[in-house]
Every structure is written in C-alpha cells, then in structure tokens.
Protein chains: 2
Amino acid sequence: MQHFAHHSEENYLKTLYKLENKQIKKVNNIALSKALELNPATVLEMVRRMNERKLVEILADKTIILTDKGKKKALQIVRRHRLWEVFLVDKLSYKWNEVHDLAEQLEHIDSDDLVKRLEVFLGYPSVDPHGDPIPDENGKMKKIRTQPLTEAPLKKKLTIVALGNSSDEFLKYLDKIGLKIGAAVEIVEVEDFDKSLSISHKKNSIILSKEAADHLLVNMP
Amino acid sequence: MQHFAHHSEENYLKTLYKLENKQIKKVNNIALSKALELNPATVLEMVRRMNERKLVEILADKTIILTDKGKKKALQIVRRHRLWEVFLVDKLSYKWNEVHDLAEQLEHIDSDDLVKRLEVFLGYPSVDPHGDPIPDENGKMKKIRTQPLTEAPLKKKLTIVALGNSSDEFLKYLDKIGLKIGAAVEIVEVEDFDKSLSISHKKNSIILSKEAADHLLVNMP
DNA sequence: ACAATTCATTTGGGTAACCAAATTTATTGT
DNA sequence: ACAATAAATTTGGTTACCCAAATGAATTGT
C-alpha cells in the first residue's frame, strides 16, 4: 500500500514545462518558487534531487531547464491533466472553469493504461475544455495556431478553440450568449465605429464588443 | 498546492471498517498491522493520532474500534472506492479483477461533489462490480443477503450478486461460460450423484460443478 | 504455575516535503 | 566602483509517515 510516487515531483515538472513555454525569461529558482508557491529553499532542494535524477539541468547561470527525459514526463502529466479535464466537462457536466483543481488531483493517478483507456472512452479528444491540445502517448502535441476573433478574416468558417481570458464573468457571459469552445462561428460584419463584431452562430446573429471578441481565440489555418 | 490531506488515514479507516465487518475476532494492533502490511509501531502511532481525532476508540482490552465519526468517514471511502470501480468496469472496460488497485488510488480524490456527479453519471449503481453494495452520501448501505448458488432454491429467479472467489481463473471461466455479476439465472436441476447444477441463463442451459456453484453468490430475498 | 509465546509499547532512526531566517553571492543603478 | 537590491544557498528546524529492535505485559499450553 505505497501511496504516491513523487507526487510533488510531477508538480515541479508540469510547472517547469509551463514556465518554459509561456515565459520569455529564463526560469530560475525564484521564478519556479513563485510559480509553485513554495519556499526557494524547498525548491532548490527538490531541483537538485531532480537534477540527480536527470530530469532537469542547472545551467551555469542557474537557469533551470527540463532535460528530454523531464520534458517527456512533464508532457505525460499535461496529457493526463487535460484528458481528465475533458472527462470532467464532457461526462460529469462540470464547467470549463471548475475543473482545474480536480484535474490537478486526478493527474497524479499512476497508470498509463488508465490514461489510454480514458482517451479511448472520451473519443480521442484533441483539445481540452480550454482549447489546449492534448499530447499523445509519446508526448507529441499539435501546436494549435490561434488568433483573436478580432484579427480573423470575415465570412470564413471559424472555430472557437480557446479563450484569452478564463474569468468567471467571461465564462458566464459566454454561457449566456450561447458560445463555447468548439463553437463554429463566422464574422458577418465589423462595425467601423466601435469595432464591434456581428457574427453568426447556429443561424443566430450575435453582436460582440471588440473587447469580448479579443478574448475569443479561433483557429488559424 | 497542498496535496493530500491524510491519505494514509483513509486507508486505516477503510481497513478498520472492513476488519470490523468481516472478522469475528476483535481488531487489535497486530491484526490491523497485518491487514495494512505495516509495522505495529507505525500503526500504534497512527491509531493514537486517530484516537485524538475521535476517529477510533481504544477499548480497555486494546481492541480498536471505529467511532461513529470514523465509521462515517470509512463509509465515504468505501463509497468512493466502489463507485470508481463501477466507472472503471462500466466505462473503461476493465475486468472486475483488475480494478482494485486503481480504485485504491482514485478513492483518495478529495471532492464530495465529484463523487456525487460520478454517481449520477453511472446511473446510481447499487452495487460495485464485485456485487458489494455502494453506500449513499450519508453512509447508508443496503445489506445484501446472499447465499451460494448451491444452497438456493430450485426453479426460482435468482441474480448473481457476488462471487465467493475472485481468482483470475474463476473470472476467466465465468467469462467463458457467459456468466457475470448481475446475471439472471434459475436452477433447473441438481444432479444427485455429484451435486452438479443445471441452470438456465438467457435461454441457455449451463452445467456447473458444485465447486463452481459454491462460489456464485445469489440474492436471498 | 510458569516457561513460552504473543502482543503492546518504547526507543531511536529514516525519508520526503516543507518552512523561516541568516548568509553568501551576484547584479545593478548611480 | 560600490552601496543597494536580488538571487542563491545554508542552517536548523517541522510534520507525516514509515521501520527495526529492544523491552515490558499479558496470555497460553502443559
């Protein structure tokens, strides 16, 4: 009955992966500590252990980077996290913005077979409820190119693939007007005056402010 | 990012609950240690902590028993475990005998809401894949009375509700002859010579040895 | 009854994660 | 260049679990 192998380590890997991909700056001990909301001493200790396990490298300037091995593991966690999110939303009727903490727990369940079966059960989803792509078993992930709806071409079929803002207010607003990730839309017209957009969605016409449209990310072929 | 509150404690509670219900003997430190596969010193320490938390009582003769509070918590874990088992079998196509370890992990996911939604999603199952009843939110559980098929009455509609043996071989055998938990059967005849049974199932006739029938538990009204 | 066995308990350790506070080592603005 | 700032590191803890081995207490077979 041994519980959880390196539960924490997985959090470090995932956070490191996210920081490497999202930030411009190098990831140092302080940055990682802040992201993990842990004490720098704690993080330093852990990073050293992970270095010994060949999961990270510590460069001369103290930058912390994932090794290939670390990256692979990190992508596995990301994969689990996103698949569980799909499960929670598609099967248990959670909202997009409610699933993060639960997925954070579920991602640590240790079984590749389970994850594989989950993927099959969910019908091989390619993106999670936030529109982020789901890595395959080998950690390969399609880079999805997106653009804000405000920059997309008129009269083209577009799909909302992600949100630039996941605040409660925004999600509720989208709920109200009937839009969600995966929705097929088409820009009908842009109002010169205030840049508001008139779009069509399921035969309905919806008017969006420039601000709202800016946070709707659509596919870019 | 604080992980898991009292992950171990949940294992102690569940194990204690099972021992109290399955065993005739009083549960002492040694018995609990053996069941948990942990050192007696470890268990003693933990049991004391749980005593302080009012989850268990330590009687004068050193018997360890769950308090009402402890029992309630234990039943919650049992509920989670069994619901996850249903999920794994019904939705992810696992076999009855493959799900225990995974459910052991999943049962620690900390969210009552998730468990509730899971229950709804699974259609309010009343028993897990092994035929054990699933407690409701308040810990109430129907006691299912069972009897071996060998002791059940002839020519009555019976349902296989549990197995007296969960070995791989037995499960494979059942698979082969088309029987599983939930199956409706009826005893047609008992052979005097070797006590083998002829039963009907889905319009087919199946011959079972006494030994096999002994391990098939059916409902007892 | 009493030696043998079993159980309970104590003692002394161990590991994985965590922290605060002090210290050392850059880095940086003037 | 050099004081101020920031980052890295060290030191000395903590908690939750876990163990082996020694000791003490209770039970049991003969």
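In the text below, chain A, chain B and the rest are named by the order of the sequence lines, each starting its count at 1. All values derive from a computational prediction rather than experimental measurement.
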Do the side chains of A/V218 and A/Q147 get nearer than 4.5 Å, heavy atoms only?
yes
For the side chain of A/H6, counting heavy atoms from C-beta on, which of D/dC19, D/dC17, C/dA17 is nearest?
C/dA17
Are any of A/S8's side-chain N or O atoms less than 4.0 Å away from OP1 or OP2 of C/dA16?
no
If each of B/K34 and B/A41 is mapped to the nucleotide of DNA chain C with the nearest heavy atom, which maps nearer the 5' terminus, i.e. the 5' end?
B/K34
Write down the distance between CD (A/E52) and C1' (C/dA16), rounded to a whole number of angstrom.
14 Å
Do any side-chain nitrogens or oxygens of A/T42 fall under 4.0 Å of OP1 or OP2 in C/dA17?
no
With a 4.0 Å cutoff (strictly under), does any side-chain N or O of A/Y12 reach OP1 or OP2 of C/dA16?
no
Nearest-Å distance for atom pair CD/C1', residues B/E45 and C/dG12:
12 Å
So what does B/I30 hit on the nucleic acid, given a heavy-atom distance under 4.0 Å: a base, only sugar-phosphate, or nothing?
sugar-phosphate
What is the distance, to the nearest angstrom, from the CD1 atom on B/I58 to the P atom on C/dT9?
7 Å
If you go through the side-chain atoms of A/N29, does one of them form a donor-acceptor pair with the base of D/dA7 closer than 3.5 Å?
no
Please confirm whether the shortest side-chain N or O distance from A/R49 to OP1 or OP2 of C/dA17 is below 4.0 Å.
yes
Note: B/D112-B/R80 ion pair, threshold 4.0 Å (strictly below)
yes
Between A/L32 and the options A/L44, A/L38, A/V47, the side-chain contact (heavy atoms from CB on, under 4.5 Å) test singles out A/V47
Find the distance B/D61:CG to C/dT9:P and express it as a whole number of Å.
11 Å
Start at the 5' end of DNA chain C and walk down; is the nucleotide closest to B/R48 or to A/K62 reached first?
B/R48
Whole-Å distance separating the CD atom of B/E37 from the P atom of D/dC17:
18 Å
Are B/K91 and A/F87 in a cation-pi contact, defined as NZ or CZ under 6.0 Å from the six-membered ring centre and within 45° of the axis?
no
B/W96 vs B/L174 side-chain heavy atoms within contact, under 4.5 Å
yes
Could one point to a donor on the side chain of A/N28 or the base of D/dA7 with an acceptor on the other under 3.5 Å away?
no
A/L38 has a side chain; which of C/dA20, C/dC18, D/dC19 sits nearest to it?
C/dC18
Which of C/dT10, D/dC17, D/dC19 is nearest the side chain of B/N39? It is D/dC19
To the nearest Å, give me how far apart CE (A/M46) and C1' (C/dT15) are.
12 Å
Given atom CD of A/E9 and atom C1' of C/dT15, what is their separation to the nearest angstrom?
15 Å
Whole-Å distance between C/dA16 P and A/M50 CE?
14 Å
